[in-house]
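Structure first, then comments.
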Amino acid sequence: MVKQNHLSFLVLLLLLLVALIALLGRPAVAADPLPENALPEELAQEDLLCRFGVNYASSLPGDDPAGYDLTQIRAGWYIDYGASMDPWGPASATYGRVIRISDDRATNTYSYSPGAATIQAVAQANPGGLWFIGNEPDRITYQDDARPFMYARAYHELYYLLKDADPTARIYAGAIVQATSIRLMYLDLVLDSYRRQFGEPLPLDGWSIHGFILNEVDCDWDDTRCWGADVPPGVNVNHGEIIDIQETADIDLYVERIERFRQWMHDRGYRDKPLSMSEYGVLMPQDFGFDSDRVNAYMNATFEYMRTRTDPDLGYPRDGNRLVQNWSWYSVADLAAFNGWLYDPDTKDLSAMGENYAAYTAAIDDTVDLYPVQIRSVPGTPYSPSEPVTMTVQALIANSGNLVAETGPVAVRFYDGDPQQGATQIGATQTVSLAGCGDYAAATVTWPNVPPGDHLVYVVVDPAPGEDITDNNVASRMLMVATERALLPAISRH
């Protein structure tokens, strides 16, 4: 979240300390106790969990991030707020690259870092990479601080710059500080501006948010209560949510904001996109009543919610309708001003909070869950009044398991009818290899000599090694070779 205003942030907090003393007795967030087991030594990098990540920041000057062993906590992905060519983490972990944006109000222009040539070179050398455009563009002064129309403009250039260099790049928009109402107003302004400027909806592969719980007060309106996240640029209000410091680790508020954002995604046509909680944690210092026990209880409660919460109306269909696909805890080793550090930057040993993280992830079993999520004819419903046609059939196969490592080749078969009733296989057997957390791939076959009419097509995905949930490995859909078609008149508006 706030990386550059540690001192000003703490000064404002200390001014409130006297008023908060009476609140420090508030009980910690309740969480079920975890088994007291350390990370097993036999866990290899292939056992890294795709849902669990961490944000690298350190209070040690000149710190080498490569000195932290992320396999100790089974972190399957990480962010260091840069976009390096050669990431420092475990070979099998996913490195989330961040492009920083700067909005120059004096010249009404924008810039970004790294530059275009570097971005293209890194993207070409790392196909399929994970990219976040902007870091808290809604956070004035201290982070990217981009006006909505300027974020839209910069995003447009960077999205197509990346896709030109690597069409398989996974590009995430957003990364707002927190999913409150005024910050969704900010994103609505971004979407509206993008459509006006470029004549299309904002394109993306996923949304990213941060999950902090902070005060939202314009300092020009009330400089005695403007600690936290302020008001987003371009949003003309004096304040948003006003909270007390003890609520910054409130699981109910955390849950409310995730569900609000998923509803926002649904209402704007983005339900079928993944959601990444790319930074969150507890920023308040220990002497404000946030000792390691309280931070750990909050960590456990958020982990459990995101790992298990699904919604058939709002969740991501390619990940078992989970609301959040992955999350990243702040931070690796920033203990100078904030909280939640997982490692001691001097010794590189796990802190009490790092040990809690490791104990939680060590207790999670490896899972694989493959299933078809979509069956369709490509490009669309073929037409023939009487003669057989050649049809292309495609199925999207998803994996809502929890591992970074791919499954290896898994067979996918198409059938004209129910294979349990002796139906004929369509085309050749296809294969897919998928990681977890909603990764997906298309399997496609060519089907010659298809007679006109309806055809109930089945798709069967062979179980992968270690896959326990197999009752969803088969799906079917009625596809049609149309014998009639309707021609609708073109209507124009003058």
Are any of the side-chain heavy atoms of D230 and V217 separated by less than 4.5 Å? no
Only one of D80, D63, D334 clears side-chain hydrogen bond (donor to acceptor under 3.5 Å, both in side chains) with Y56; which? D63
So that I can tick it off, tell me whether R170 and D439 are bridged by a salt bridge, with the cut-off set at under 4.0 angstrom between side-chain N and carboxylate O. no
With rounding to the nearest 0.5 Å, note down the distance linking CZ in R100 to CG in N135. 4.5 Å
V461 and I397: side chain to side chain contact (heavy atoms under 4.5 Å, CB included), yes or no, with the steps? CA-CA 8 Å; V461 183; I397 312 302; 3.8 Å; yes
Using a distance-only test with no angle check, is there a side-chain donor-acceptor pair under 3.5 angstrom linking T109 and D104? no
Would you indicate whether Y112, at its atom OH, is surrounded by more than 12 heavy atoms from other residues, nucleotides or ligands within a distance under 6.0 Å? yes
Quick check: does any side chain N or O of R74 sit under 3.5 Å from a backbone N or O of F52, one acting as donor and the other as acceptor? no
Would you kindly say whether S84 and D86 are connected by a side-chain donor-acceptor distance under 3.5 Å? no
Between the side chains of Y110 and E157, is a donor N or O closer than 3.5 angstrom to an acceptor N or O? yes
Does the side chain of Q286 come under 3.5 Å of the side chain of R294 through a donor N or O and an acceptor N or O? no
Before you tell me yes or no, could you show the steps for L283 and F290 under side chain to side chain contact (heavy atoms under 4.5 Å, CB included), namely the whole-Å CA-CA distance, both residues' side-chain angles and the distance that decides it to 0.1 Å? CA-CA 9 Å; L283 299 179; F290 296 86; over 6 Å; no
Would you check if there is a donor-acceptor pair between the side chains of D369 and S400 at a distance under 3.5 Å? yes
Any donor and acceptor pair, going by atom type alone, linking the side chain of D311 with main-chain N or O of L314 inside 3.5 Å? yes
Backbone N/O of R322 and side chain of D319: donor-acceptor pair under 3.5 Å: no
Carboxylate-amine/guanidinium proximity below 4.0 Å for E256 and R260: yes
R225 backbone acceptor or donor facing N215 side chain under 3.5 Å: yes
Looking at R97 and P87, what are the two nearest heavy atoms and their distance? NH2-CD, 3.7 Å
Using modelled atom types and a 3.5 Å cut-off, is there a donor and acceptor pairing between side-chain atoms of S328 and backbone atoms of V54? yes
Are the side chain of K273 and the backbone N or O of L204 linked by a donor-acceptor pair below 3.5 Å? yes
Run the salt-bridge test on D145 and R105 with the 4.0 Å N-O cut-off and return the result as yes or no. yes
Would you call Q124 and D166 a side-chain contact if the rule is heavy atoms closer than 4.5 Å? no
Atom of A75, atom of A93 and distance for their closest heavy-atom approach: O-CB, 4.2 Å
Could you label the plane-to-plane angle of the Y330 and F212 rings as parallel, tilted or perpendicular, counting under 30° as parallel and over 60° as perpendicular? perpendicular
Give a yes or no on whether a salt bridge exists between D138 and R183, defined as a side-chain N under 4.0 angstrom from a carboxylate O. yes
In terms of relative ring orientation, are Y280 and Y254 parallel, tilted or perpendicular, with 30° and 60° separating the classes? tilted
D205 vs K163, test: salt bridge (Lys or Arg N to Asp or Glu O under 4.0 Å). Steps then yes/no. CA-CA 11 Å; D205 297 299; K163 288 295 186 180; 2.9 Å; yes
Any chance the side chains of T444 and Q430 put a donor and an acceptor closer than 3.5 Å? no
Short side-chain donor-acceptor distance under 3.5 Å, R271 and N321: yes
Is a side-chain donor or acceptor of S278 paired with a backbone partner of S208 at a separation under 3.5 angstrom? no
Measure from the ring center of W329 to the ring center of Y357 and say whether it is less than 6.0 Å. no
Any side-chain donor near an acceptor of the partner, N108 and R147, under 3.5 Å: yes
Going by heavy atoms in the side chains, are W207 and L187 under 4.5 Å from each other? yes
Does the ring center of W77 lie less than 6.0 Å from the ring center of W327? no
If we only count heavy atoms from C-beta on, is the V190 to L202 side-chain gap below 4.5 Å? yes
Is the Lys NZ or Arg CZ of R307 less than 6.0 Å from the centre of F303's six-membered ring, within 45° of the axis? no
Under 3.5 Å: donor-acceptor pair, side chain of Y343, backbone of S331: no
Are any side-chain N or O atoms of N296 and backbone N or O atoms of N356, one a donor and one an acceptor, separated by less than 3.5 Å? no
Pair D103, D144 - check side chain to side chain contact (heavy atoms under 4.5 Å, CB included), show working. CA-CA 7 Å; D103 178 354; D144 286 6; over 6 Å; no
Going by atom types alone, do R153 and Q197 pair a side-chain donor with an acceptor below 3.5 Å? yes
Indicate whether any N or O donor in one side chain lies under 3.5 Å from an N or O acceptor in the other, for E136 and H210. yes
For S433 against T407, the heavy-atom pair lying closest together: CA-OG1, 3.8 Å
Examine the side chains of Q178 and E216 and answer whether a donor and an acceptor come within less than 3.5 Å of each other. yes
Residue pair F261, L184: steps toward the side chain to side chain contact (heavy atoms under 4.5 Å, CB included) verdict: CA-CA 8 Å; F261 194 79; L184 298 191; 3.5 Å; yes
Where A435 and V404 come nearest, the two heavy atoms and their spacing: CB-O, 3.1 Å
Exercise: identify the closest heavy-atom pair between P114 and I119: O-CD1, 3.3 Å
Donor-acceptor pair, distance only, cut-off 3.5 Å: does the side chain of T248 make one with the backbone of I245? yes
Sequence neighbours excluded, every pair satisfying ring pair (Phe, Tyr, Trp, His ring centres under 6.0 Å) that has a member inside residues 168-199: F132-Y172, H156-Y194, H156-F198, Y194-F198
Regarding D188 and W264, is there a side-chain donor-to-acceptor distance under 3.5 Å anywhere? yes
Is the ring pair W88/Y78 parallel, tilted or perpendicular, if the boundaries are 30 and 60 degrees? tilted
Going by distance alone, is a donor N or O of one side chain under 3.5 Å from an acceptor N or O of the other, for E304 and T308? no
Note: V231 and N238 closest approach over all heavy atoms is CG2-O, 3.8 Å
